[in-house]
Structures are given as C-alpha cells and as structure tokens.
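Along the sequence shown, residues carry numbers from 1. Below, all heavy atoms of this structure are taken into account, side chains as well, without hydrogens, waters or symmetry copies.
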Amino acid sequence: MIELKTGDVLLLKKENAPGAYTFLKKFLGKDFADFVAKIEKHEYIHSELYVGNGYVLAAWFNGVHLVKYPLEVLSKFDIYRHGKMDEEKRKVIRKNVAKYFNMPYDFASLILNGLPEILSLGFEPLERYFEKQLPYSDPKKMICSELVARMFKDTGIIIEPDPEFVTPDDLAQCEEMKKIF
C-alpha cells in the first residue's frame, strides 16, 4: 500500500458505499442505478481527508469525526493527491483539524447539492447557474466533500468557487488532483 500523506483525499466509489446508488441498485436494478449515476456523472459517493498519524477527518450523518481505519477499510477507497499540496499546506490542514472536528452534518446542503446536478442533466454551465440561484451556505455544518474543499481552501487551494457545492466527483476531477492508489 502507498504511504498516505496529510492532505490526501480518500474517495469511496458508489459501488462500495451504502446510499442512493446501492438503494437504487437493490430495489430497481443495477442498470437503473447506473443510468441515474451516469446522468449525474457520479463515480464517487463519499470523500474523506487524511490528516496524518493514521487519522482521517470525515463528515458523516452524525457529524465530523476523526477515525483510524484498518487497512481492509482503506483498501475500499481510491486515494487522490493534489499536485500543489506541499508541507506548508499540510501544516495548515493539521492545524485546522480542531476547527472542523465535531461540526454537525449539513442535511440541507446535501439536498441542495444534488438539486443543481439533477436539474442540469450533467450540463456543467447550467449546473453552475443553478448553484448561483441557491445562495445557501452554512460554514458551521459540513457534508463530506465540502469538508475537504474547505480544508483545501484554508491552504489556498480552491477546488470550486463555492465549497458548499463540491461533490466527491468534483474532487476527483480537479485538474491538479492525481489518483495515486
């Protein structure tokens, strides 16, 4: 296994996570679930951030937590590293763990995050337009990919203009992000 570095992004493929994709797959079939995922261009359903010393910072339905996974759990994630992540930025991430730790989950953002994607039918300029029509932002609550985007923004790395609307796929598709495992 590759050595994880602070700032590495862990992305969970839709097939490996409980959620909408697995629900649709179970009750309506894999073809239907794949069709919906293709419309929304979703390959990944969840993201987390490696913060060092074996710990990952993650936003789940019950809030933002630090967790230390066994290797068999880590092997379910694809690991991405941003090309501009350096030691100074890693220090900022380690310092800011306490800033985000124990924040509540943002259920409103979860719903509003998916709405522009569904309405735009995958057309990126239309998705950005719909996002601007939803001026929702609550930096005191987090969803998984927003947490990663805000932690990156704290270092000066901007994934998307508005961290509120960053998805796990946006993280993977970021130009400077490279899959390392």
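Counting non-hydrogen atoms of neighbouring residues, nucleotides and ligands closer than 6.0 angstrom, the NZ atom of Lys89 exceeds 12 such neighbours. Few gaps surround CZ on Phe107; more than 12 heavy atoms of other groups in view lie less than 6.0 Å from it. Heavy-atom neighbours of Glu87 CD from other residues, nucleotides or ligands within 6.0 Å: above the threshold of 12. The environment of CG in Asn53 is sparse: at most 12 heavy-atom neighbours from other residues, nucleotides or ligands sit within 6.0 Å.
Rounding to the nearest 0.5 Å gives a distance of 11.5 Å between CD of Glu175 and CD1 of Ile159. Here the CG atom belonging to Asp138 is positioned 12.0 Å from the CD1 atom belonging to Ile143, to the nearest 0.5 angstrom. Atom-to-atom distance recorded for Glu48:CD and Tyr55:OH is 14.5 Å, nearest 0.5 angstrom. Expressed to the nearest 0.5 Å, how far CG of Leu171 lies from NE2 of His82 amounts to 9.5 Å. Once rounded to the nearest 0.5 Å, the distance linking CG of Leu147 with CZ of Phe152 reads 10.5 Å. The structure places CZ of Arg81 at 14.0 Å from NZ of Lys179, a figure rounded to the nearest 0.5 Å.
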Pair Tyr80-Gln173, side chain to side chain contact (heavy atoms under 4.5 Å, CB included): steps then yes or no: CA-CA 10 Å; Tyr80 283 76; Gln173 294 163 5; over 6 Å; no
Worked verdict on Glu146 versus Arg150 for side chain to side chain contact (heavy atoms under 4.5 Å, CB included): CA-CA 6 Å; Glu146 175 189 4; Arg150 287 192 188 277; 2.8 Å; yes
Step-by-step side chain to side chain contact (heavy atoms under 4.5 Å, CB included) determination, Leu57 to His65: CA-CA 6 Å; Leu57 192 64; His65 301 285; over 6 Å; no
Intermediate values then yes/no, side chain to side chain contact (heavy atoms under 4.5 Å, CB included), Leu74 and Leu4: CA-CA 10 Å; Leu74 281 174; Leu4 292 174; 4.2 Å; yes
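Met151 and Ile158 are assigned to two separate hydrophobic clusters, defined by single-linkage of ILVMFWY side chains at heavy-atom distances under 4.5 Å. Cluster membership check: Ile157 does not share its hydrophobic cluster with Val92, using side-chain heavy-atom separations under 4.5 Å among Ile, Leu, Val, Met, Phe, Trp and Tyr. Clustering ILVMFWY residues whenever any of their side-chain heavy atoms sit less than 4.5 angstrom apart, transitively, puts Leu49 in the very cluster that holds Met103.
Residues meeting the side chain to side chain donor-acceptor pair (under 3.5 Å) test with Arg90, sequence neighbours left out: none. With sequence neighbours excluded, no residue satisfies side chain to side chain donor-acceptor pair (under 3.5 Å) with Tyr105. Every residue meeting the side chain to side chain donor-acceptor pair (under 3.5 Å) condition with Tyr100, not counting sequence neighbours, appears here in chain and number order: Asp154. By the side chain to side chain donor-acceptor pair (under 3.5 Å) test, Thr6 is found to be paired with Arg94, residues two or more places apart in sequence or in another chain being considered. In this structure, Glu72 has no salt bridge (Lys or Arg N to Asp or Glu O under 4.0 Å) partners at least two apart in sequence or on a different chain. Residues passing the salt bridge (Lys or Arg N to Asp or Glu O under 4.0 Å) test with Asp106: none are found, sequence neighbours excluded.
Smallest separation of non-hydrogen atoms from Ser47 and Val148: OG-CG2, 4.0 Å. Of all heavy-atom pairs spanning Pro163 and Lys153, the tightest one is CG-CD, 4.0 Å.
Relative ring orientation between Phe77 and His46 is described as tilted, the plane-to-plane angle lying within the 30° to 60° band.
Side-chain atoms of Glu160 and Phe165, non-hydrogen and from C-beta on, never get closer than 4.5 Å to each other. Within the 4.5 Å cutoff, the side chain of Met85 has heavy atoms near those of the Ile93 side chain. Counting only heavy atoms from C-beta outward, the side chains of Leu11 and Glu43 never approach each other to under 4.5 Å. Inter-residue side-chain proximity for Lys68 and Val56 is flagged as unmet; no heavy-atom pair is nearer than 4.5 Å. The side-chain heavy atoms of Val9 and Ile79, taken from C-beta on, include no pair separated by under 4.5 Å. Inter-residue side-chain proximity for Lys76 and Tyr69 is flagged as unmet; no heavy-atom pair is nearer than 4.5 Å.
At distances below 3.5 Å, at least one donor-acceptor pair connects side-chain atoms of Ser145 with backbone N or O atoms of Val166. The backbone N or O of Tyr44 lies less than 3.5 Å from a partner atom in the side chain of Asp169, making a donor-acceptor pair.
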